[in-house]
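A quick note: this is a predicted structure, and the numbers were derived from the prediction, not measured. Values reported hereafter were calculated over all heavy atoms of this structure, with side chains retained and with hydrogens, waters and symmetry mates removed.
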Amino acid sequence: MKPPPPLWLISPRPEPDGGFQFRLTSSDGSTIAPERLGRIEVLTSPTLAVGLTNWTKLTNPVVSGDATVQLPPPAGSAPQRYFIVLEPE
């Protein structure tokens, strides 16, 4: 079975309340199946200078049917955040 195409993050946008939004798309432009969207994990870190094991998994991202991901405002006063999307097998 052929693996699904890689995911791309597009249209990143900060929200007025401090949250963040972006869309996911397949690298080949194909539609992302709902069951695939359900497996997606979003991790965050205030710095890129740490290993992936030190990133925090967000437990409350909202992934809509059109693959828009809504992230809540950060707890505390993080001046910047980085995100990575993982798709566990």
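Atom CZ of R13 sits about 8.5 Å away from atom OG1 of T68, to the nearest 0.5 Å. Within the model, atoms OG1 of T31 and CG of L37 stand 10.0 Å from one another, a figure rounded to the nearest 0.5 Å.
Taking E87 as the reference, R36, R39 meet the salt bridge (Lys or Arg N to Asp or Glu O under 4.0 Å) condition, with sequence neighbours excluded.
Looking only at distances, no side-chain donor or acceptor of S45 sits under 3.5 Å from a matching main-chain atom of Y82. S26 contributes no side-chain N or O that, together with a main-chain N or O of D28, makes up a donor-acceptor pair within less than 3.5 Å.
Under a hydrophobic-cluster definition in which Ile, Leu, Val, Met, Phe, Trp and Tyr are linked whenever side-chain heavy atoms come within less than 4.5 Å, directly or via other members, L58 and L24 are assigned to the same cluster. The cluster map of Ile, Leu, Val, Met, Phe, Trp and Tyr, joined by side-chain heavy atoms under 4.5 Å apart, puts W55 and V42 in different clusters. The cluster map of Ile, Leu, Val, Met, Phe, Trp and Tyr, joined by side-chain heavy atoms under 4.5 Å apart, puts L9 and I32 in the same cluster. Linking ILVMFWY residues whenever their side-chain heavy atoms come closer than 4.5 Å, directly or via other members, places L43 and L48 in the same cluster.
Counting heavy atoms from C-beta outward, P12 and Q21 have side chains that stay 4.5 Å or more apart.
For the side chain to side chain contact (heavy atoms under 4.5 Å, CB included) test with T44, the passing option among L71, T56, I84 is T56; the others fail.
Counting only residues at least two apart or in different chains, ring-ring contact (aromatic ring centres under 6.0 Å, His included) contacts with residues 15-39 comprise F20-F83.
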